[in-house]
Structures are given as C-alpha cells and as structure tokens.
Amino acid sequence: MKKSPKRLSFMLTAILGASLVLSACGGAGDKEKTSDGTKSDSDEKAWSFRLADNHPDNYPTVLGDKKFAELVEQKSNGRIKINVFPNGQLGDEKSIIEQVQLGAVEFARVSTGPLAEFSKPLGVFSLPYIFDSSEHEWNFLNSDKGKELLKSLEGAKMLGLAYYDSGARHFYTTKPVKNVEDLKGHKIRVQQSQINMDLIAALGGNATPMPYGEVFSSLQTGVIDGAENNLPSYVSANHYQVAKNIILDGHQRLPEVVVVSKAIWDKLSDADKKIIQEAAEESVAYQREEWAKMEKDSEAKIKEAGVNIVEVDDLTPWQDKVKSVIDKYYSDYADVLDAIDKARK
Ligand code: BDP
C-alpha cells in the first residue's frame, strides 16, 4: 500500500526521462570546437538531466552533486542543466541503478556496495578491512587501478565519473555490543550483496539485506537488531535514535560514485563529455571537505545524544573471523588487492 505513490513517481520519472531535453540553444557563442576543430551540431543542444541521490539535502554527497551541477552549468554557459533529486525521490538505490542503465534517469550518486551487484570489479570495496585509513583509500582511488575500476562500469551500461568520500562503516545495534563475539546471533541489515551476506555470516550474525530507506523502521520494530554504516548516515537517517550502541570497527570503506547512463553519454558531443567529466572531478575536493565536516559533526552529535560508543583498539579478532571471506574472494580480486596493498605506502 505504502509503495504505490512511489511507484507512480517512478513511472512518471521514467516517462519524463525518456523525453529529455533537446531544445536548441539560442546563444551563438555557445558553440565549442570539437577535437578535430570542426563545430559540432550537438554543441548547440541544451540538455536538462536528473541526478538521483538517496540522502537528504544537506548531506555531503548531495552537496557534492550540487557542486557538480553548478560547475557543469558554468562550464556550458547554462546550456547543460543537472537537477539534483535528493532523499531517494526517484527510487531506492537498486532501482536507480537500473533506471540509469536504461537511460530513464541520466545521473546518480550511488554507493559502490549495490553497484557491485551490477559490475563485479567494484565488489572489492565490500571486502573487510582492506584499507588502513582514509589516506590509504584515497591513494588507491586516485591511482591508475582505482580509475580503471570506475571505467569497468561501462560493462554495466554506465560510466563512473568520480568517487566521493563515504568514510568507514561500523556496526550499530539496539543491544550493547562490546566485542566481535557479541555480534553473534544479531540480525544485521546489510546492503544487498553476496559479499555482505558472507561477511555477516563469518561474524556469527544473520544478514538481512534491505533498502537503506527501510532500515530506520526495521530497527524500530525489531525486524533487525542492528545495521552498519558510516557516522553521517547513522546520524542523518536517525538510526542512532533507535540503535544506541555503536562499535567503531571500520570494516568497510565503500566509496560513492557519480555515475552517468551510457545511453545518454553516447549522445553527447566530445566537448560536452569533457565539460561533464571535468566538473565531476572538480567537485570531489568540495565533497570531501563537506564529508570531513559532517563526520566530525556526527561524532559530536552521537556523543551529545548519549550513544554508547565502543572503540576497537585491536582489530585482530575481527580480521581473524572474516579471513574466510577474503579467502573466498581473493582470486577474483587478486590484482586489485595487490594494488590496494601497494597504495598503503
Ligand atoms: C550510505 C550510502 C548510501 C547507501 C547506504 C546503504 O551513502 O548510498 O544507500 O549507505 O547502506 O553510506 O545502503
């Protein structure tokens, strides 16, 4: 019952998506030279796109999306408009990815967690404890191998334009958890992916995959005993109000990705592709600054709210428990894991 207004909005957005844009742009000064020096017809087109994000308005990814849109608008002299739809207005993450594949939604900011179900190479980020720190993660993301992973999305009818920061993920529960042993028997919500199912099983819990938007009410009603996420999501989705215990194990660092539909990308001129690619890359620094601020603010907020925060001084028992997960997937990701290792410095 509750879902029908959402379904209707999906259908509407799909229909609107199909009729994207395409009015001729008046300004003569808008023409840009293509790489072979000729003037391209498509440079005269005005485009209006949608970008979907499942976080609220002031969340760092949405702020990054808006910066990206602003830069695209500036660089194209107002000819290319990207309208940001936050709050999961265009659907949950999985359905957004499917709509991007079809070209019904043109852009999205999504997590590498669900993306991995569409493009296997990105599954490497779901493997536990592979990064030591944010610095280690970003050394890798900015490396040739990291950029190659973004390109691998092309096999899934999308292009990855840039990574955004999403920090580290931790477990939080309605009942206190002091160590890894205490997770045993807990029903933990995970992002929908096989690696996550294996990860929770290895830790002795029961994995319950479900869309992000359903986590709050499932915690509240006791359908699940816990979930896992970074501090900004824990706070902005109000999970901290119902799962008042958090253990800072930092098991995953799942970067976010700004994706564009390949169906749309292929219609753009080279000059427009360049504008969009550059704008996405330039928006990263701003997104990361906002990320750092919100991580700090979120920490302060949970302290103030009296959340029971448990630090993990020694990760060894956690790493030992999940070794079977690394072993199971090692051969699928051997070369990337090697590159990640080298990015440690
Ligand atoms: C958040 C990601 C969001 C995911 C969510 C999740 O930013 O894209 O939908 O986790 O756990 O950190 O599903």
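Read the numbers this way: they start at 1 and go in the same order the structure lists the ligands and their atoms.
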Parallel, tilted or perpendicular, as decided by the 30° and 60° cut-offs, for the rings of W318 and F171: parallel

Do the ring planes of Y163 and F125 sit parallel (below 30°), tilted (30 to 60°) or perpendicular (above 60°)? perpendicular

Identify, for atom 5 (C) of ligand 1, the protein heavy atom at the shortest distance, and state residue, atom and that distance. Y212 CD1, 3.6 Å

shortest atom 12 (O) of ligand 1-to-protein heavy-atom contact is with N229 OD1, 2.7 Å

Report, in ascending order of atom number, the atoms of ligand 1 lying under 4.0 Å from any heavy atom of S111. 8 (O)

Using a heavy-atom cut-off of under 4.0 Å, does the side chain or the backbone of L254 touch ligand 1, or both, or neither? neither

T61 and ligand 1 - part of the residue with a heavy-atom distance under 4.0 Å: neither

Short side-chain donor-acceptor distance under 3.5 Å, Q194 and D198: yes

Give the atoms of ligand 1, by number and element, whose distance to some non-hydrogen atom of S233 is under 4.0 Å. 1 (C), 12 (O)

Using the rule given for side chain to side chain contact (heavy atoms under 4.5 Å, CB included), can you reason through T112 versus L149, listing the C-alpha separation, both sets of side-chain angles and the distance that settles it, and then say yes or no? CA-CA 11 Å; T112 41; L149 281 188; over 6 Å; no

Do the side chains of Y164 and L231 join up, straight or via other hydrophobic residues, at under 4.5 Å, putting them in one cluster? no

Region of R189 that comes within reach of ligand 1 [heavy atoms, distance under 4.0 Å]: side chain

Is E256 close to ligand 1, meaning an N/O of one under 3.5 Å from an N/O of the other? yes

Any N or O of E228 closer than 3.5 Å to N or O of ligand 1: no

Hey, is V215 touching ligand 1 through its side chain, its backbone, both or neither, going by heavy atoms under 4.0 Å? neither

Atom pair OG1/CZ of T221 and F216 - distance to nearest 0.5 Å: 10.0 Å

Where do E93 and S111 land on the side chain to side chain contact (heavy atoms under 4.5 Å, CB included) test, with the steps shown first? CA-CA 8 Å; E93 223 166 23; S111 163; 3.7 Å; yes

In the protein, what heavy atom is nearest to atom 4 (C) of ligand 1, and what distance, to one decimal place, separates them? E93 OE1, 3.3 Å

Does any N/O atom on R169 come nearer than 3.5 Å to any N/O atom on ligand 1? yes

Side chain to side chain donor-acceptor pair (under 3.5 Å) test vs S166 passes for just one of E137, R253, E256, namely E256

Quick check on R109 - does any of its heavy atoms sit under 4.0 Å from an atom of ligand 1? yes

Is the Y59 ring parallel, tilted or perpendicular to the H55 ring (thresholds 30°, 60°)? parallel

